[in-house]
Amino acid sequence: MRFTEKFCREQESLQIAKAESEPLKNRQGIALDAAKAWNAAAKIAQKHEAGQQPLDKLDAAIVREFAEEDAAGLVDDVSAPDERTAAALH
């Protein structure tokens with residue numbers, strides 16, 4: 001299964017929101033790392049959707065791994081923004 005750019009961007013946004021609401025620094029970092037990974041997956045999906053580059057097996061495995069981790073709830077919701085969140089958006 002291939003993920004669309006839209007799906008990846010939604011997952012990225014969810015992870016950024018989790019980071020913003022997470023009081024624990026290590027969990028904020030995990031969520032921000034996941035957001036960065038979803039951003040990378042979205043860029044790959046965008047290229048694939050544009051027909052510029054086929055999604056190779058490694059890229060597909062990376063995208064699938066992050067989706068499975070997100071579905072498993074490895075990063076939980078809590079609350080309190082962090083200044084690192086703003087940096088992840090840029």
Side-chain angles (χ1 to χ4, degrees):
M1 176 181 153
R2 290 188 174 145
F3 296 107
T4 64
E5 178 187 9
K6 180 182 176 200
F7 176 80
C8 294
R9 293 291 178 203
E10 289 169 354
Q11 297 304 310
E12 177 187 18
S13 294
L14 288 172
Q15 294 301 327
I16 290 170
K18 287 179 182 182
E20 289 174 346
S21 65
E22 180 57 62
L24 301 174
K25 296 259 184 215
N26 65 331
R27 296 183 111 188
Q28 289 171 351
I30 292 168
L32 291 174
D33 288 345
K36 288 177 188 176
W38 280 112
N39 178 42
K43 290 177 182 177
I44 292 168
Q46 179 186 30
K47 287 181 181 179
H48 176 67
E49 289 168 9
Q52 296 175 349
Q53 164 184 339
L55 194 61
D56 68 20
K57 289 182 182 181
L58 178 59
D59 290 338
I62 292 169
V63 170
R64 188 171 34 259
E65 178 182 347
F66 282 109
E68 289 169 357
E69 288 176 0
D70 193 55
L74 294 180
V75 180
D76 298 325
D77 289 325
V78 187
S79 57
D82 177 62
E83 61 193 40
R84 290 176 49 196
T85 304
L89 296 174
H90 299 292

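Nothing here was measured: the structure is a model prediction, and the numbers come from that model. Along the sequence shown, residues carry numbers from 1.
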Problem - Q15 vs W38 side-chain heavy atoms within contact, under 4.5 Å - result: yes
Exercise for the section: Hey, could you give me the CD/CG distance between E12 and L32, rounded to the nearest 0.5 Å? Expected result: 10.5 Å
Handout entry: Atom pair CD/CD1 of E49 and I44 - distance to nearest 0.5 Å
Key = 12.0 Å
Problem - Rounded distance [0.5 Å steps], NZ in K43 versus CG in N39 - result: 4.5 Å
Exercise for the section: State, to 0.1 Å, how close A45 and T4 come at their nearest heavy-atom pair, and which atoms those are. Expected result: CB-C, 3.8 Å
Exercise for the section: Mind checking side-chain contact (heavy atoms from CB on, under 4.5 Å) for S13 and listing every partner two or more places apart, or none if nothing turns up? Expected result: none
Problem - Separation of E20 CD from Q28 CD (nearest 0.5 Å) - result: 10.0 Å
Handout entry: Any residue meeting side-chain contact (heavy atoms from CB on, under 4.5 Å) with A42, in chain and number order, not counting sequence neighbours
Key = E5, C8, R9
